[in-house]
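Here is the structure we will look at.
The first residue of the sequence shown is numbered 1, and numbering continues consecutively from there. Because the structure is a prediction, the values reported are computed rather than measured. All heavy atoms count here, side chains included; hydrogens, waters and symmetry mates do not.
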Amino acid sequence: HVIAGNGTPGPLMSNVPAVIASISNPTKLAVTSRGQIVFVDAGNRALRIIEGGVVRTLSDAIDAPDGLAVGPDDVIFVAEGRSHMVLQFRPSPDGTEWSWCTCAGSGADEESGDGSDP
């Protein structure tokens, strides 16, 4: 049973029935406590969510995602390998709007710490 994608990779389509949306290389999938399906559309560099049979784009600027997780409060975390950051996507109380921020990393490929042994 197909829940998303029309079988043809293509450009981002948001706020459309999930089964007619073009999806390009879906990876990293998780489910929220509300039953929303969150996934990375790697070919379009996007974070997307399916709810009620409709797909929406939460971000169209995901850079080389290495990980995806959903916390118990439905906060989504995306680890971006190439940009050296962890992004956080937080739902509004009703789950219809999302805000995001960088919760870890500076975007620079550098070591941190004082150099002493742990």
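Taking Asp63 as the reference, Arg82 meet the side chain to side chain donor-acceptor pair (under 3.5 Å) condition, with sequence neighbours excluded.
In this structure, the separation between OG on Ser59 and CG on Asn44 is 12.0 Å, given to the nearest 0.5 Å.
Using modelled atom types, no side-chain atom of Asp60 and backbone atom of Ala46 make a donor-acceptor pair closer than 3.5 Å. Distance alone, capped at 3.5 Å, places no donor-acceptor pair between the Ser24 side chain and the Pro9 backbone.
Within the 4.5 Å cutoff, the side chain of Val75 has no heavy atoms near those of the Val70 side chain. Taking the side chain as every heavy atom from C-beta outward, Glu80 and Ile62 approach each other to under 4.5 Å. The closest side-chain heavy-atom distance from Ser99 to Phe89 is not below 4.5 Å. Looking only at side-chain heavy atoms (C-beta outward), Ile76 and Trp100 stay at 4.5 Å or farther from each other.
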Pairs of donor and acceptor atoms involving the side chains of residues 13-22, under 3.5 Å and at least two apart or interchain, shall be tabulated with distances.
residue: Ser14; atom: OG; partner: Thr57; partner atom: N; Å: 2.9
residue: Ser22; atom: OG; partner: Asn6; partner atom: ND2; Å: 3.4

Pair up each side-chain donor or acceptor in residues 26-40 with any protein partner under 3.5 Å, not counting sequence neighbours, and list the distances.
residue: Thr32; atom: OG1; partner: Arg34; partner atom: N; Å: 3.2
residue: Thr32; atom: OG1; partner: Gly35; partner atom: N; Å: 3.4
residue: Thr32; atom: OG1; partner: Gln36; partner atom: N; Å: 3.1
residue: Thr32; atom: OG1; partner: Gln36; partner atom: OE1; Å: 3.0
residue: Ser33; atom: OG; partner: Asp74; partner atom: OD1; Å: 3.0
residue: Ser33; atom: OG; partner: Asp74; partner atom: OD2; Å: 2.8
residue: Arg34; atom: NH1; partner: Asp94; partner atom: O; Å: 2.9
residue: Arg34; atom: NH2; partner: Pro93; partner atom: O; Å: 2.8
residue: Gln36; atom: NE2; partner: Glu51; partner atom: OE1; Å: 3.1

Margin query: Asp41 vs Leu12, test: side chain to side chain contact (heavy atoms under 4.5 Å, CB included). Steps then yes/no.
Written below: CA-CA 9 Å; Asp41 183 340; Leu12 281 176; 4.0 Å; yes
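In the hydrophobic clustering of this structure, Ile23 does not group with Val2; members are Ile, Leu, Val, Met, Phe, Trp, Tyr whose side-chain heavy atoms approach within less than 4.5 Å, directly or through other members. At a threshold of 4.5 Å between side-chain heavy atoms, the hydrophobic network of Ile, Leu, Val, Met, Phe, Trp and Tyr places Trp98 and Val78 in one connected group. Under the 4.5 Å side-chain contact rule for hydrophobic residues, Leu68 and Leu87 share a cluster. Connection of Ile50 to Leu47 is not established within any shared hydrophobic cluster, with ILVMFWY side chains joined at heavy-atom distances below 4.5 Å, either directly or through further cluster members.
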